[in-house]
Chemist: 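Handing you a structure now.
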Amino acid sequence: MGSKYDVLVIGGGNAALCAAIAARRGGASVLVLEGAPKFYRGGNTRHTRNMRCAHDAATEILTGPYTEEEFWKDLLVVTGGQTDEELARHMIRESKDILNWIVEQGVRWQPSLGGTLSLGRTNSFFLGGGRAMLNALYLTAERLGVEVAYDAEVIDLVIEDGMFLAARVKRPINGDTEIRATSLVAAAGGFEANIEWLKEHWGEAADNFLIRGTPYNRGSILKMLLGKGVQEVGDPTQCHAVAIDARAPKFDGGIITRHDSVVFGIVVNKHAQRFYDEGEDIWPKRYAIWGRLVAAQPDQIAYIIFDSTVVTSFMPTLFPPIAGQTIAELAGKLTLDPAALEKTISGFNAAVRPGTFDHTILDDCRTEGITPPKTHWARRIETPPYLAYPVRPGITFTYLGTRVNKEARMLMKGGRPSANMFAAGEIMAGNVLGKGYAAGIGMTIGSVFGRIAGREAAKHARN
Amino acid sequence: MHGTRILDEADRLMTVCNSCRYCEGLCAVFPAMEMRRAFSDGDLNYLANLCHACGACYVDCQFSPPHEFNVNVPKTLAIARAESYAAYAWPRALSGTFARNGLVISIVAALSVAAFILGFVALNDRGVLFGVHAGAGAFYKLMPHNAMAVLFSAAFLYAILALVMSVRAFWRDIGDPIGGRADGGSLLQAIRDAGELRYLHGGGVGCYNEDDRPTDRRKLCHHLTFYGFLLCFAATSVATLYHYLLGREAPYPWWDLPVVLGTLGGIGLIAGPIGLFVAKMRRAPELLDEARYGMDVGFIAMLFLTGATGMALLILRETAAMGPLLALHLGVVFALFVTMPYGKFVHGIYRFAALVRYAQERRTEGT
């Protein structure tokens, strides 16, 4: 048989599957090319957990209303205004319907949450996590007749004058290495696992980055599209980066390598010096800024230091804290200068002012007379054993992408819309997220623009 | 360090899972885990027996093999669970039985059947075993009712004693040392959870068995087996009451309560175990505790044989086959009773105890 489909979807995550399902439901024949082997299918979706959607009233799974306006304001805050307002508002409006649409595709939500994260009002949690969500989408797609090929690496795109003609794959699929399609949906993620590409913008520091997602997010499709005249959006140095355990594997450590203990202690660099206000803000900022802060420190390493009084205040961790009965012993284990660390901690302890500790609000426990200050949750570190987590920048996803319009249609350089190329997910997330991050927005972008891209791609193919 | 290597591995996994928690909505194991930060042997045995082996957490886990974190909760807990049966067995001297369970069950069953045949022949002349007996009291021409009652009561009471002693050891290990008795509410909750197999539903979609497409087949077969067993038990109990209270002797006509209950139960005990056996044969090897294959299959086979011999006896009870079939049926049931405390049967008891403990913890936590 000839390899000609109505819609070709490149990628295998949430955005790709939403696109494939929407296109198939729209009457198109659909092929999904997933570059990873089956176990690693779905890119970063494997590691996600929840999705942020607007809703006007509390539901079985959400504790209260989260209006479009409130969502928009949250997005404005985290991006500092670096967002395409028209696209972002469109996405927020569509997110209301996605909450139910995604359930119709077999995805299940968790009815109530254990309470480790304060997101019960704004975010819906996938029952069983992101891989469970993916499994459900794949089952639905296959039941509908979507074809899926794994280990299907695309090595070239044939694009003429903004019009997609065919994709070339490394290994034959259905006996052919060239797959033609009437429409293309590119949903192949970002380039966070491509250290060489990261180095172009971050320099040698990128060698010390850990990648929280799969090693398959190499951005090759993004690079091909940008090389063939698609307009780019976003800053290549912007990404979602958190501080994760330095002992984590280079790739795919996922959620369990993160630390949320920053507010309970102090953070020092390899010279045992503090470098930022650990008590600046609560969720989500305190997580999302620390990857970037550590990336700016010498050798891209830092240490969260706290004492034995707070170990049960945060989530249990995969890697145990490094412990010492004295500050000097701890410093030795961390290969920090003991005198410098003792000086930093005694200086910090002396600066702590009395207050009433409450980590759920911006409390009145603060320091006076040191730089940088710790403006909230400051308490003396004085009860042995002293404990520490070494942390490095953990890159979750990148924001450089392809520019799209409200139809998820790619725009070519000069602003002309492509005839038949659509994009969804992380590959176009930069349209909405210029910088910063708030939990669950990546999945909203993926599902909303995935569904739009699939629908529009099918519509184009049928015309 | 724990008592066994598998508990060390279970501890490692619970540390991974506790820092992830994506699975907390799937079953009771993960919320129970979240109530702890460190895990004693008893805690791990508790979690292992709370696991219903639905496989959902394996299929949903981003860290299951081939990922380097190598997280396989269903298999690890299955092995830990099986090892816990031996660890709590009473008397201790018989805990080794679990290791060679399939063989032990076969030998005990064969000996029991042979003993009943020999007993029938010894109590009567040869002709009676192959004779045609009909009407009330037909069974007792082969063995007097009182002899039967004494034999089975002894076997049953021993099984109960051994099970009670074992579950006591389990409860002590997993439970709160102070006031380790369950309240009524927790008991009721556990009865409901066990009765509907609430946690064999993979979080709502069904159980994962041969591949990543969940179904309710294993749950249905388990229901058939479990309720089939209960119906057969009820049939025997009603028949005993008939005998002693009403003076009515077996066999009873097909429409009478003991036979109706026994027939329905027998159908369940034939269909259910076949389904469970097929599911076990087809279960994905990465989820299976291969070392316990013999124990599991031995128990399934005994339940199937109980149902099958009982049904054969019902159908052929007015022919010359009645004598040998009665010997076969009684032999199988006797062997089932005697081996109960040392085989897969205990999984239901420990699981129920774990569910009670879980209900109790939830109530204490106020969630």
Side-chain angles (χ1 to χ4, degrees), chain A residues 37-50 61 106-117 125-136 138-139 142-143 212-214 245 248-260 311-320, chain B residues 11-39 54-74 199 201-206 208 211-215 284 286 361-362 365-367:
Chain A
K38 187 175 178 188
F39 173 77
Y40 280 105
R41 72 183 180 188
N44 280 338
T45 305
R46 282 165 43 73
H47 293 295
T48 61
R49 186 183 194 185
N50 60 73
I61 50 161
V107 173
R108 291 163 301 137
W109 300 115
Q110 190 157 296
S112 66
L113 195 69
T116 46
L117 301 169
F125 284 68
F126 306 126
L127 185 68
R131 195 172 165 220
M133 184 254 198
L134 266 180
N135 291 343
Y138 271 95
L139 283 179
E142 283 164 17
R143 204 187 62 239
R212 297 176 76 203
T214 71
D245 202 293
K250 183 77 180 169
F251 294 102
D252 214 46
I255 186 72
I256 64 179
T257 58
R258 56 89 173 75
H259 288 299
D260 53 5
V311 278
T312 52
S313 304
F314 46 84
M315 280 276 286
T317 55
L318 174 66
F319 299 99
Chain B
D11 190 316
R12 181 185 79 86
L13 294 191
M14 289 300 103
T15 305
V16 172
C17 295
N18 218 357
S19 55
C20 173
R21 301 189 169 184
Y22 281 17
C23 283
E24 66 186 357
L26 291 183
C27 72
V29 170
F30 300 100
M33 168 196 79
E34 288 179 18
M35 294 178 201
R36 296 157 169 80
R37 285 206 171 217
F39 304 94
C54 76
C57 63
Y58 180 84
V59 176
D60 291 350
C61 179
Q62 65 266 50
F63 305 119
S64 54
H67 194 282
E68 62 181 289
F69 290 158
N70 194 28
V71 174
N72 188 339
V73 174
Y199 297 117
H201 66 354
V205 286
Y208 293 84
D211 58 21
D212 54 8
R213 284 156 218 274
T215 70
E286 60 269 26
E361 283 186 338
R362 294 293 290 232
E365 289 254 317
T367 49

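Chain identifiers are assigned alphabetically (A, B, ...) following the order of the sequence lines, protein sequences preceding nucleic acid strands; residue numbering begins at 1 within each chain.
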Chemist: Rounded to the nearest 0.5 Å, how far does SG of B/Cys20 lie from CE of A/Met315?
Modeler: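 Answer for the CE-SG pair, A/Met315 versus B/Cys20, is 7.5 Å.
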Chemist: Under 4.5 Å heavy-atom distance to chain A, tell me which part of B/Pro65 shows up: side chain, backbone, both or neither.
Modeler: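 B/Pro65 touches chain A through backbone heavy atoms alone.
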Chemist: For chain B, which candidate among A/Pro37, A/Gly129, A/Gly128 shows the most heavy-atom pairs at distances under 4.5 Å?
Modeler: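 Top count of heavy-atom pairs under 4.5 Å with chain B: A/Gly128.
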Chemist: How many angstroms lie between atom CZ of A/Arg46 and atom OH of B/Tyr22, to the nearest 0.5 angstrom?
Modeler: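 Interatomic distance, A/Arg46 CZ to B/Tyr22 OH, rounded to 0.5 Å: 10.5 Å.
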Chemist: Please report the closest heavy-atom contact between B/Ser19 and A/Pro316, naming both atoms and the distance.
Modeler: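 Smallest interatomic distance, heavy atoms only, reads CB-O, 3.2 Å.
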Chemist: Determine the minimum heavy-atom distance between A/Leu139 and B/Arg213, stating which atoms define it.
Modeler: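 Closest heavy-atom pair between A/Leu139 and B/Arg213: CD2-CG, 3.6 Å.
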Chemist: Counting only heavy atoms closer than 4.5 Å, note whether A/Arg41 contacts chain B via side chain, backbone, both or neither.
Modeler: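 Just its side chain gets close to chain B.
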Chemist: Does the salt bridge (Lys or Arg N to Asp or Glu O under 4.0 Å) test come out yes or no for A/Lys250 and B/Glu68, once each step is laid out?
Modeler: CA-CA 11 Å; A/Lys250 183 77 180 169; B/Glu68 62 181 289; over 6 Å; no
Chemist: Examine whether an atom of A/Ile255 lies under 4.5 Å from a heavy atom of chain B, and if so say whether it belongs to the side chain, the backbone or both; otherwise answer neither.
Modeler: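 For A/Ile255, backbone and side chain are both near chain B.
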Chemist: Top residue by heavy-atom pair count (under 4.5 Å) with chain A, among B/Leu26, B/Asp60, B/Val16, B/Asn18?
Modeler: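 Most heavy-atom pairs under 4.5 Å with chain A: B/Asp60.
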Chemist: By a 4.5 Å heavy-atom criterion (distance strictly below it), what part of A/Asp252 contacts chain B: side chain, backbone, both, or neither?
Modeler: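 Both the backbone and the side chain of A/Asp252 come within 4.5 Å of chain B.
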Chemist: Heavy atoms only, distances under 4.5 angstrom: which of A/Gly42, A/Gly253, A/Gly106 has the most pairs with chain B? Name it, please.
Modeler: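 Top count of heavy-atom pairs under 4.5 Å with chain B: A/Gly253.
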Chemist: If you measure from NE2 on B/His67 to OG1 on A/Thr214, what distance do you get to the nearest 0.5 Å?
Modeler: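 Between atom NE2 of B/His67 and atom OG1 of A/Thr214 there are 9.5 Å.
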Chemist: For the CD1 atom of A/Ile256 and the CZ atom of B/Arg21, what is their distance to the nearest 0.5 Å?
Modeler: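 Here the rounded value is 12.5 Å.
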Chemist: Where on B/Phe69 is there a heavy atom nearer than 4.5 Å to chain A: the side chain, the backbone, both, or neither?
Modeler: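 Side chain only.
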Chemist: Looking at residues at least two apart in the chain, or sitting in another chain, which of them share a ring-ring contact (aromatic ring centres under 6.0 Å, His included) with A/Phe319?
Modeler: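 For A/Phe319 there are no ring-ring contact (aromatic ring centres under 6.0 Å, His included) partners, ignoring immediate neighbours.
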Chemist: What's the separation between atom OG1 in A/Thr45 and atom CD in B/Gln62, rounded to the nearest 0.5 Å?
Modeler: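 Rounded to the nearest 0.5 Å, the OG1-CD separation comes to 11.5 Å.
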Chemist: Considering all heavy atoms of both residues, which atom of A/Val311 and which atom of B/Arg37 are nearest to each other, and what is their separation?
Modeler: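 The answer is O-NH1, 3.1 Å.
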Chemist: With sequence neighbours excluded, tell me which residues meet side-chain hydrogen bond (donor to acceptor under 3.5 Å, both in side chains) with B/Arg12.
Modeler: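 With neighbours one apart ignored, the set is B/Glu9.
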Chemist: So do B/Phe63 and A/His47 actually touch side chain to side chain, heavy atoms under 4.5 Å?
Modeler: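 Counting from C-beta outward, A/His47 and B/Phe63 do come under 4.5 Å.
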Chemist: Which heavy atom of A/Arg131 sits nearest a heavy atom of B/Ser64, and at what distance?
Modeler: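 Scanning both residues, the minimum pair turns out to be NH1-OG, 3.1 Å.
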Chemist: Please evaluate residues B/Asp212 and A/Tyr138 with respect to the criterion side chain to side chain contact (heavy atoms under 4.5 Å, CB included), reporting the C-alpha separation (whole Å), side-chain torsions for both, the decisive distance (0.1 Å), and the verdict.
Modeler: CA-CA 11 Å; B/Asp212 54 8; A/Tyr138 271 95; over 6 Å; no
Chemist: Quick one: does A/Pro320's side chain get under 4.5 Å of B/Thr15's, heavy atoms only?
Modeler: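 In short, these two side chains do not touch, never coming nearer than 4.5 Å.
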